[in-house]
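Taking it in order: structure first as structure tokens, then the write-up.
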Amino acid sequence: MSSNRVPDTLTFECETGNYHTFCPISCVAWLYQKIEDSFFLVIGTKTCGYFLQNALGVMIFAEPRYAMAELEEGDISAQLNDYVELKRLCVQIKKNRNPSVIVWIGTCTTEIIKMDLEGMAPRLEGEIGIPIVVARANGLDYAFTQGEDTVLAAMAHRCPDYNGASPNTTNQDQAIQGLLSFLPLKARNVYEEQSVSTHPPLVLFGSLPSNVVSQLNLELKKQSIQVSGWLPTQRYAELPSVGEGVYVCGVNPFLSRTATTLMRRKKCKLIGAPFPIGPDGTRAWIEKICSVFDIQPQGLEERELQVWDSLKDYINLVRGKSVFFMGDNLLEVSLARFLIRCGMIVYEIGIPYMDKRYQAAELALLQETCNQMGTLMPRIVEKPDNYNQVQRMRELQPDLAITGMAHANPLEARGISTKWSVEFTFAQIHGFTNARDILELVTRPLRRNLSLENLGWTALVKKDKINII
Ligand code: SF4
């Protein structure tokens, strides 16, 4: 287990919370794709509907497995019966889509009118015969990716109890066998011999695309660590068994409620590790899991060096450049740590919410990285104020601002290159092999500037920055 101490020399500040981010109900966009037999019902108003319709872009034309239960005047003034209305909708969903689980997403309005979703769900579940999971992923309490956290925390309650029997790992094995099929038979046998393990069960939590799941399983399997299951799984019916004696480890920095639920309610043991983002993070993540299971990691150092070597072309481009994270998705600390390792200077890490206990190992790695690279520790600003941040950027003139769409074009027009932060949430950024994708995103504005310069369109690249912010 990791120490839950936060390094002393990092400075934390807290501002007004006046910042742009996506509403957490946006998590339905990736979760309905991940859990293939689910249906998400967002119980809210037209405001929520407009947001989803616009934010999710072309996805809405692909008959997604989510819908809005739009509240009307009658619902809000309690003239209509909430239970009857929701039952009508859920029966319709069952008839049309026949999902294995319906997830109700509570919104600001259901909070304010105190609609008792948690009270209604078990009764309705019994009547229609489909599990109903309730997650309060509203904009009053949470930001963007924390929506996934509320859904996974609610789902953790539905995981079967671990009874000490050997967990079922067939699904992961099959996925890994698929990935290995290109290897010659001899190499495959060597690999399979390594895969016998005797450690306690390990369940990983965090929603990742299935190929990234297989990659991380495979990395751990190389160290003779068998992953017993993931929360969430591809299918709701295959949720992993959790309970006393099961070790759990997160793959994303925004899952602190899920971690707490697994520890407190399900009595699992949490492995507090840095997150597998960037080759440095991935190595530290695997090493931490190995150390908990008393396993000596094999060949990790060389693997990390190999990846750094393959990133040289990008690193030459970013080295010495400065970056400013405005903060809206909670991935900021891990990304900043990776970029500092790449030789960048991070002025500020804005972040909506910082759980210092859950992120302790990541913060320690950030500090270690700054010391090793000889750079100043960035300031970490929780609940940032976008107005103040723009003022600070005006002073600092960073080479790159990682920010939301609201500020991207205005900043570009003022000579500050920007990268849209939401892309980091949807791109594949975990594990050794995906480090390239992170740098691909980070360097895109820098490469664009270079090619515009090469074209001789210097007038479009604002070299002499205009200070009209
Ligand atoms: S912030 Fe509240 S009202 Fe706005 S979209 Fe999110 S849940 Fe709906």
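Residues: numbered from 1 along the sequence shown. What you see is a predicted model; the values in this text were computed from it and never measured. The analysis underlying the following values was restricted to heavy atoms, covering all of them including side chains, and did not include hydrogens, waters or symmetry mates. When a ligand or atom number is given, it counts from 1 through the structure's own listing order.
Ring geometry for F426 versus F144: interplanar angle of 30 to 60°, hence tilted.
In this structure, R123 is positioned above the aromatic face of Y83, its NZ or CZ under 6.0 Å from the six-membered ring centre and within 45° of the axis.
Atoms of ligand 1 found under 4.0 Å from any heavy atom of C108, numbered from 1 in the order shown, are 1 (S), 2 (Fe), 3 (S), 7 (S). Atoms of ligand 1 found under 4.0 Å from any heavy atom of T107, numbered from 1 in the order shown, are 7 (S).
For atom 4 (Fe) of ligand 1, the closest non-hydrogen atom of the protein is T47 CG2, 4.1 Å. When hydrogens are left out, the protein atom nearest atom 5 (S) of ligand 1 is C48 CA, 3.5 Å; that is the closest non-hydrogen contact.
Between the side chain of E238 and the main chain of Y236, no donor-acceptor pair closer than 3.5 Å is present.
In summary, C23 places no N/O/S atom under 2.8 Å from atom 8 (Fe) of ligand 1, failing the contact criterion.
Within the model, atoms CD of Q389 and OG1 of T403 stand 8.0 Å from one another, a figure rounded to the nearest 0.5 Å.
Of the candidates D437, T282, N252, H430 forms a side chain to side chain donor-acceptor pair (under 3.5 Å) with just one, namely N252.
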